[in-house]
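Take a look at the structure below.
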Amino acid sequence: MQHPSPDSLRAVTKPASQSGAGFVFPAPGSRRTGPRWEPYLYLLPALLVFTAFVAVPIAGGVILSLTAWNGISWDTATWVGLGNYVDAFNDSRFWTAFRNNVTLIPYFVLLPAILGLIPAALVHQMKLRGAAIFQAGLFLPYIMPGVLIGVVWRWMLNPVFGPVNQTLKRMGFHPPTWLADFNLALPTIGMIGAWAAYGFCYVVFVAGIEKIPRDLYDAAKLDGAGGWQEFLAVTLPGLRREIAVVLSVNLINALRAFDVIKATTDGGPGDATNVLALFMMNSAFGANQAGYGIAIAVILAIVTLVLSLLVLRLFGGDDD
Amino acid sequence: MLHRRQLVKRTGVAGLGLALAGSALGSLGAVAVSAQESTLVFWDTLNDKIRSKLIEGLGTSFGKANNVAVSHRGWTLEELQDTLPRAVESNQGPDVAQVNNGESLAGPMARAGQILDLKDYDTKYKWSERFAPSLLARNRYTADGKTFGEGDLWGMSAESEIVGLFYNRKIFADQGLSVPTTVAELEAAFKKLRENGIEPLVWGNLDKWPAIHLFGELQGVRTSREFLDDLIYRRKQGASFTDASFVDAATQMVAWNQADYFLQGYDGITSDDAIALFSAGGGAMLLQGSWATAAVKQGLGADAGFFLMPSLEAGGTVLSVGGVAIPYSITTNAKDADLSAAFIDSLLSQEAVDAFIATGSLPSGVIPEDKIDPETVDGQLYTAWNATVDADAVGHYLDWAAPGFYDVITGGLQELLAGKSDPAAFTQKLQDFYAASFS
């Protein structure tokens, strides 16, 4: 059996076991076969689809955000430049909605991550039987449509005949009207969002823990680490990429929150649970100010992009 | 379910077109295309099982009489509002559709040239002679589509709506109460019921719009036809939301809330929850519109009754919140405008009136006396409606006042009832938004 020479090993940028049997990546600077444009030809179908269904609509949206279009007739689409953006930044309702989105971030992002991480670590350490059923149950809320989650929780929290308040009343409490109280409505929405998302976080973390090498846990045990120290020294660092995924996905959900709120409070009471996506919808379709609504959508997209990149930058670096 | 409708004229359209039309209509459960010359498509908000069946039955009758297939699609109001103008702009719209009054849709669609001025059909079918002027004013715009409430007709309504108080006759009898004739008597009834541990007024405001109705009713006992029309039709004659009628109505709402006359937790339940609760015997009175009649009747049976918001002084006039239901208009996608107009007229026929009455709906126009049984909740509703039309006292939905006003008034009312603002600040906020909408 002929062994590969050290030179040929240096030319391989990835282990052969990961890159497919018998395939060797060319070394940097080596000659390519085929014309220069050939790779672009392979990309062309995807590029065409991306251009038609992503790039063009985004560009169209940005252009429309610079008009005073009513969303009904193209005749009304008069050019206003950055007027819609200026109006948004001077609109107290925009800032209320933005503030509400920011308030939801701890509930939609951090809380489900923590709630998912704890059972993931415990299940891993305790080696529970039937964990798959447990996982499926936890994941269920995540695959439910947001509107359905909203309707279910609206019923659960109904102050007259909902089971939550009925139970609290039987226990001698005087429960509030969760979704109609100006101070409680947004945190309540936040808790519903956390409930809906923590199963997703749990499943991602469990998958991440599974791929952490066993010898790291064995080494930690040999060094006398307890469960908590094992979690801090092995599990948590090993989950850095999963944490980045969970935080960025949850962050996007927090910023685009719409369906649960529409189905529970419709932004009320007052503007207490109004968020940018709902404000955008009401502006574009309720008040027939589509240009303004699209400008809000553009702002929301930029904020989401920047914050997501920030999260990935903080948590999603190389393992080295 | 398909969202788009292709209206296919059979003549001149071969094989594939027919197949597409057939499959589309088949999937929508519409009238079969087969032998007719063309298909008339109409969209509206009659989307529940009972009302879909009713309107499709009327469509079938019209189709048979005119040798045309009629296809119906029922939407929720929000879906219809969002879809219709875009569909018409893309030449994918129906022939006839319900177009919501005022600046919510009728005005923008009229100005965009997406619906037809019905002036000539009004002359042909004598609609203006058959219905009360103040009712039809809600379907009028000037020819340029700029001024609401005057000018030509752009739509005709097949049904009407009126908001009032459903009541539980058994509870009233047990408590020794009779139908109040003044606001003071109503308040006395509220007080007595609360003291006796019965929920006086059931309503739910989680979905925000019901508070507009209560506010409108309480303003309606203090206003005049001319003032309210000036305000809603935006006639710029000094009508303002800071008028005493609005401030006093807001003050009374707050007082009733503080006196505990509203259902405990009213702000956390929806309008539908409130109807279900009242229909199960959960309170003495329910603030609702005529559309709730069937549900209330089904729940309470002979114990259900209806009366309008009473006046401040006995015998006074109240402008009750209500009006014509969303009118049917002819879109500019219509293949045959004459046929579309004939279809709209068929929805106003005696056959249609009878069909609406049979399902507990409130048809447009005056209800014939021989159709009224005063001992039933429907009969009391019809009597109240006839009296209101006779007195020219059908009020308005206040959110029609300006584009985007709905969010401002609903949010403002929630703040008012939660003690986050006071009547003066609330009405000033309404007026500021209303005044800005003219600029």
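In what follows, chains are A, B, ... by sequence order, proteins preceding strands, each numbered from 1.
Side chains of Glu89(B) and Trp74(A) form a contact here, defined as non-hydrogen atoms less than 4.5 Å apart. Asn288(A) places none of its side-chain heavy atoms less than 4.5 Å from the side chain of Pro403(B).
Heavy atoms closer than 4.5 Å to chain A are found in the backbone of Ser104(B), but not in its side chain. Contact of Glu103(B) with chain A is made through the backbone alone, with heavy-atom distances under 4.5 Å. Heavy atoms of Thr264(A) lying under 4.5 Å from chain B belong exclusively to its backbone. For Leu413(B), no part sits under 4.5 Å from any heavy atom of chain A, backbone or side chain.
Under the 3.5 Å distance criterion, the side-chain polar atoms of Gln289(A) are left unmatched by any main-chain donor or acceptor of Gly404(B).
With chain A as partner, the option from Glu415(B), Gln264(B), Arg111(B) having the largest number of non-hydrogen pairs under 4.5 angstrom is Glu415(B). Most heavy-atom pairs under 4.5 Å with chain A, from the set Asp207(B), Leu416(B), Asp273(B), Asn205(B): that is Asp273(B).
Once rounded to the nearest 0.5 Å, the distance linking CZ of Phe285(A) with CG of Leu105(B) reads 12.0 Å. Taken from CG in Asp407(B) to CG in Leu278(A), the straight-line distance is 8.0 Å, to the nearest 0.5 Å.
Contacts of Phe200(A) classified as ring-ring contact (aromatic ring centres under 6.0 Å, His included), with partners at least two apart in sequence or in another chain: Tyr142(A). By the side chain to side chain donor-acceptor pair (under 3.5 Å) test, Tyr107(A) is found to be paired with no residue, residues two or more places apart in sequence or in another chain being considered.
Annotation: residues 179-196 of chain A contacts chain B through Leu179(A), Ala180(A), Phe182(A), Asn183(A) [non-hydrogen atoms, separation under 4.5 Å]. At a heavy-atom separation below 4.5 angstrom, chain B is approached by Arg154(A), Asn158(A), Pro159(A), Val160(A), Phe161(A) within residues 146-168 of chain A.
Residues Thr265(A) and Lys208(B) come closest through the heavy atom pair O-CD, 3.8 Å.
Heavy atoms of other residues, nucleotides or ligands lying less than 6.0 angstrom from NZ of Lys169(A) number more than 12.
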